[in-house]
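Encoded as structure tokens, the structure appears first; notes follow it.
Below, chain A is the first sequence line, B the second, and so on; all start at residue 1. Worth saying up front: this structure is predicted, and the values here are computed from it rather than measured.
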Protein chains: 2
Amino acid sequence: MTKNNRPPLTQLVQRGELMSADCPSREILLHMTSRWGVLVLMVLAEGTQRFSTLRRKIGGISERMLSHTLQALEGDGILQRVSYPEVPPRVEYTLTPLGQEAAEKVSALADWIEVSVPRFLQARADRVRKP
Amino acid sequence: MTKNNRPPLTQLVQRGELMSADCPSREILLHMTSRWGVLVLMVLAEGTQRFSTLRRKIGGISERMLSHTLQALEGDGILQRVSYPEVPPRVEYTLTPLGQEAAEKVSALADWIEVSVPRFLQARADRVRKP
DNA sequence: CGGTATCCGTGCAGATACTG
DNA sequence: CAGTATCTGCACGGATACCG
């Protein structure tokens, strides 16, 4: 379309082989764009954080969902969990290099949506006025 | 982090006001990154398509989910539905300018994941070998 | 502090059948 | 051709309680 070089996905889309159930990319995309995954990525982009810090910065998330989200992202190699054998316990979460790239990509998408919200609302209003 | 200029979202994340339930951006992100939303965007990026064409190019999608996905994206102003009063019926779907931008952003994310799959798999393998 | 276990309600997605 | 209607299951997420 606006780009002259074909993106790899386009080829696969045309052959109906993109993002099939057997491809891990679907699962990774799911984790990265999940309700809390986006927020975890953006908060961790600020730097290493503890569990309770993450919980405080991400308003409204339960311990369960934070734990699950962190496990999913750790499983994808997006972040690293480091547990220190101390009392009281301390656990720190850090983005891997892969995770830092992931955070950039997700931020790019989320930022675009954020700044485009007025246009989305305008489009909605136009459809109401002249359907 | 790697960028020097603060993205708008970062500010909001720190104040816990990002992507709250009342913000339409969450819903738009959901539609754009949903299982079928991604594929619809990428197929429509090729140009205007009919319902049955979309169904054929996106392997495995049911009529119900294609219909629902198209309605959601139309509701966001991402695509336009044009119905021609003929027999047999003909309906065409076209990305709006907003939708074309959306498709580019989603492609950028999806392409990155796609080309990064080997690195994701490598990260997984490393954790298995040295947990 | 940093979690896990369990229960449970809601909503999304699939299958199937029918329609203008 | 281009959908809608209905049923249904099961995964996702919230609340609660408990543990190292």
Qualifying salt bridge (Lys or Arg N to Asp or Glu O under 4.0 Å) pairs with a residue from residues 84-96 of chain A, counting only residues at least two apart or across chains: A:E86-A:R90, A:R90-A:E92
End axis versus end axis in the helix from C:dC1-D:dG20 to C:dG20-D:dC1, the angle rounded to 10°, five pairs used at each terminus: 50°
Any residue meeting salt bridge (charged side-chain N to carboxylate O under 4.0 Å, His left out) with B:R119, in chain and number order, not counting sequence neighbours: A:E101
Whole-Å distance separating the CD1 atom of B:I61 from the C1' atom of C:dC12: 14 Å
Other residues, nucleotides, ligands: >12 heavy atoms within 6.0 Å of A:E74 CD: yes
Heavy-atom protein contacts under 4.0 Å, nucleotides 1-9 of chain C, coded B base, S sugar-phosphate only, - none: BSBS-B---
Gap between atoms CZ and P, on B:R55 and C:dA15 respectively (whole Å): 10 Å
Ring pair (Phe, Tyr, Trp, His ring centres under 6.0 Å) partners of residues 67-103 of chain A, not counting sequence neighbours, each pair once: none
Listed partners of B:E63 passing salt bridge (charged side-chain N to carboxylate O under 4.0 Å, His left out), at least two apart: B:R55
Other cluster members, B:V87 - Ile/Leu/Val/Met/Phe/Trp/Tyr, side-chain contacts below 4.5 Å: none
side-chain hydrogen bond (donor to acceptor under 3.5 Å, both in side chains) against A:T48, all qualifying residues, sequence neighbours excluded: A:T94
Residues forming a side chain to side chain contact (heavy atoms under 4.5 Å, CB included) with B:T33, sequence neighbours excluded: A:T33, A:L109, B:L29
Contact boundaries on DNA chain D for chain A, cut-off under 4.0 Å to non-hydrogen atoms: D:dG13 to D:dG20
Pairing residues for A:W112 by the ring pair (Phe, Tyr, Trp, His ring centres under 6.0 Å) criterion, not counting sequence neighbours: A:F120
Contacts of A:L30 that satisfy side chain to side chain contact (heavy atoms under 4.5 Å, CB included) - sequence neighbours left out: none
